Number of protein chains: 2
Amino acid sequence: MPTINDVARAAGVSPSTVSYVLSGRRPISAETRARVQAAIAELGFHPHAGARALASSKTNVLALVAPLRVDVNVPVIMQFATAVVTAARAYNHDVLLLTKDEGTAGLERVAHSTMVDALILMDLERDDLRIPALRRLKQPSVLIGLPSDHTGIACVDLDFAAAARLALEHLAGHGHRRIGLVGPSPAVYRRQTTYADRFLAGFLEASAELDLRTVTHPCEPGAAGVRDAMADIDAQLSDLTALVVHNEEALRPLLDLLHATGRKVPDDVSIVAICPQDVATSMPVGLTSIDIPAHDVGTLAVETAMRLLDGRTVEYTRLLAPALVERNSCTEISPSHR
Amino acid sequence: MPTINDVARAAGVSPSTVSYVLSGRRPISAETRARVQAAIAELGFHPHAGARALASSKTNVLALVAPLRVDVNVPVIMQFATAVVTAARAYNHDVLLLTKDEGTAGLERVAHSTMVDALILMDLERDDLRIPALRRLKQPSVLIGLPSDHTGIACVDLDFAAAARLALEHLAGHGHRRIGLVGPSPAVYRRQTTYADRFLAGFLEASAELDLRTVTHPCEPGAAGVRDAMADIDAQLSDLTALVVHNEEALRPLLDLLHATGRKVPDDVSIVAICPQDVATSMPVGLTSIDIPAHDVGTLAVETAMRLLDGRTVEYTRLLAPALVERNSCTEISPSHR
DNA sequence: GGCCATCGTCGAAGCGTTTCGACAGATACC
DNA sequence: GGTATCTGTCGAAACGCTTCGACGATGGCC
C-alpha cells in the first residue's frame, strides 16, 4: 500500500502538498495538482482511514443503531437502513451498524473510541435509557422517532398525529361518520415506541373535531387477533362504514376476515391503511394508504447529522407531513348509510 | 478524552505497560495490572480506534455487503445481517455496512483505505464481477452464496441441492410420485443467484434417482403468477399429489389458489416449502418446511472470517446440511392415488 | 519603488497507539 | 556460583496522515 509519502516523492512535492490537493484546504497550482493526481492514480493511493482519523479527529463514519430482532417491521427497518447508507455515501461517509440490544454500552463504545462522528438511532422508546447516555457523548446524534424528553437531540419522524388526522379527514370527506381504528398490537404500546400513541392521540383529537363516532382497538397479531379486535369494534360501534388500520401485519387477515364475513371493500367498508406502499399495493384490493416514508426519514436523518457536524443549525424536531395515496379501498358512503 | 499516557501517568507506569495490560501480549504483574485497570476505569479510558488501527494495522471491523434494494427476501437479508453483527461482536469486531450497488468500487474503497480487516458479501451472482476484485485485496473475504469460480475465496451457504433432495425424499417417503416444483421468479434465475440453479439441479437429480414424475416451473410474483404457474404445472402433470415450493412470496397466493379451487392441503396436495420458519408457521396451515438457516450461515461466515484473520485453515466451501421440519402440510398419500 | 497581501509550497510537530529491543532482577540449572 | 532463562517494565521508534507556521515569489496599490 503506497503512503502519502510515496505519492509526494513520485510527484516531486512534499507530503503536505499532497494532503492539500486531497482536501482542498489550501490553494494549489493547477500544474502541481495535476502532477499529484497523476501520481495518486498511478500508485493507486488511498489514504489510510485510521491515520486520517487520528490526525484529523474525523472518521467519516456514522453509527446506525438498528433493532435487529426479527420483528414485524423488518421491511421498514430495512428501508431506513438503505436510506441512511445511501445518503451517508452521498456525503462521503460510511455506516457502522450497531444493534439496539447492545444498548448504552454499544453507543459509548463506538463514541468513546472515536469510531464514528455521529450516531443515528431508530426504534426509540418513550423514556429511552439511551438518551441520557447520548447527551454525554461528544458526538451528535439524530433520532428516528420521538421519545418524550429529547431536548437538545435532533429527532426526525413521520408526523403520526397528522397521519391519523389525514386518514379521518379523508374518510369524513367521503361521508363516513362511524369509523373504527385497528391499532398496533398491545406489544407495541407496551414497548412504548411513541408512534402508536401519537397516532392514537391524533386520531382521537381529529375524531372529536370532526364530530365522528369512532372506536379504537389494539390488535394482536394473527387471524385470531384480528377477529377479536373486529368483534370488539363492531360491538361498540354498530354499522361502522370505515376502518383506519395502523397495523401492517393485521391487514391481510383483516381483509380475509371481511371477505369471509361478506363485507365488501370498499362497498361495505372503506379502509385507509398506514403502511409502506408496496404492502398497500400487494393486497387483493389496492389500499388507499398513508405511506411510512422511510426513505425520506432516513435521508433527512443523515442530512441532519451532517448539518450538526458542520456546526450548522438544525430543527430539533422534524416531523414529516404525511401523504395519502388514493387507491381502491375507499368509496363515497352510500346514501343509505348516511 | 483521556489517552493512554494519562492512564500511564495515573497508574505510575509507562504507556507501553498500559498497552500490554490491555492486549495481554506480555506478562504484567497482578499488582501493576490492577493499578492500571483502576486508572482505566477511573478515567474512563477507551483506546482511540484510529490510532490503534494505525499502529497495529488491525481495525477490528468487518465489512458486510448487503443487497439493499427492497427485495423479496428482505427478512432473510435482515436475518443474515443480524447474525453477522451479533457474531462479530462476540469476536470484538464491529460491522461496516456497505450496499451492493456500490459494486467493486465500494469494496476497494474500504479495503484500500484500511477501514476493515475482512469482508463478508451476500447475494453473489454466478459470475460476480466483484470476485476478481476481492482476489486483489489484501483483506480476506467470505461469501454467503456460491458463485461459479470462487477458488481461493471462502463460501458459506445452505446446501440447496441437498435441500431439494430432502424435500423429494420426504414426499416420496410419504408415497408421492407425481410432484411439481414451484420455483423462484424468472427474475431470480436471470439475476443468476446460484441458489435457484443449485436447488433445481438437486431437484432434477433426486427426481431421477427416486424415479418420480416431476415438473418444474418458475413463478412470477403475485396471484396471477401463481395461477399461471399452477396452470402450466397441472397441464404437464395431471393428478399431481404434492408440490415443492421454493418461492417464499408465492406461498400465500398459492394456498389461496388451492383453497379457491377446492384442493385441500394436505389431503389433496401435500406441500414442502423452502422458507424461513416464521413464514412456514404464519400460513393458515402450518407448512412442512426446510428452513433457510440465515442465522447459522451468518454466524459461520463470521467465524470463517475470524479463522482467516488468525491465519488458521478454513474449508473453502461450506454448505450447511438442510433440515426439514414437519408441520401440517404433508400427508401419506391416499391409496386411491397410488 | 516600496509595502502589503496573496499564492503556493514546505517542514515539522503532532494525533494515540503498538511493538521491538533493552535491561534489571529473579529463578532455574548443572 | 556462574550462566542461561524468565519476568516485568521501560523507552523509543514507528504507523500515515493533517495542520500550523513560515517563507519565497508574485502582483496590486499608492
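Each chain gets a letter, A, B and so on, in the order the sequences are listed, and its residues count up from 1. As a basis for the values below, the full set of heavy atoms in this structure was taken, side chains included, without hydrogen atoms, waters or symmetry mates. The structure displayed is predicted, hence computed values, not measured ones.
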Could you walk me through whether A:L158 and A:Y195 pass the side-chain contact (heavy atoms from CB on, under 4.5 Å) test, one step at a time? CA-CA 9 Å; A:L158 171 65; A:Y195 71 85; over 6 Å; no
Using the rule given for side-chain contact (heavy atoms from CB on, under 4.5 Å), can you reason through B:T82 versus B:T86, listing the C-alpha separation, both sets of side-chain angles and the distance that settles it, and then say yes or no? CA-CA 6 Å; B:T82 308; B:T86 308; 4.1 Å; yes
Can B:V142 and B:V156 be said to form a side-chain contact (heavy atoms from CB on, under 4.5 Å), step by step? CA-CA 7 Å; B:V142 178; B:V156 177; 4.0 Å; yes
Let's go through B:L119 and B:L121 carefully: what are the C-alpha distance in whole Å and the side-chain angles of both, what is the deciding distance for side-chain contact (heavy atoms from CB on, under 4.5 Å) to 0.1 Å, and is it a yes or a no? CA-CA 6 Å; B:L119 301 94; B:L121 322 217; 3.9 Å; yes
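Rounding to the nearest 0.5 Å gives a distance of 4.0 Å between CG of A:D94 and CE of B:M115. One finds the CD atom of B:Q192 at 12.5 Å from the CG atom of B:L124 (value rounded to the nearest 0.5 Å).
Rounded to a whole Å, the NE2 atom of B:H112 is 15 Å from the P atom of D:dG16. Between the P atom of D:dG11 and the CZ atom of B:R9 lies a distance of 13 Å, rounded to the nearest Å. Put simply, CZ on B:R35 is 8 Å from P on D:dT9, counting in whole angstrom units.
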Could you list all N or O pairs between the protein and nucleotides 23-29 of chain C that sit under 3.5 Å apart?
none

One character per nucleotide, please: for nucleotides 14-21 of chain C, 5' to 3', B when the base has a protein heavy atom closer than 4.0 Å, S when only the sugar-phosphate does, - otherwise. BBBBBBBB
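Judged by distance alone, the side chain of B:R89 and the main-chain N or O of B:H93 form a donor-acceptor pair under 3.5 Å.
Under the side chain to side chain donor-acceptor pair (under 3.5 Å) test applied with B:H46, the options A:R109, A:E108, A:H112 reduce to a single match, A:H112.
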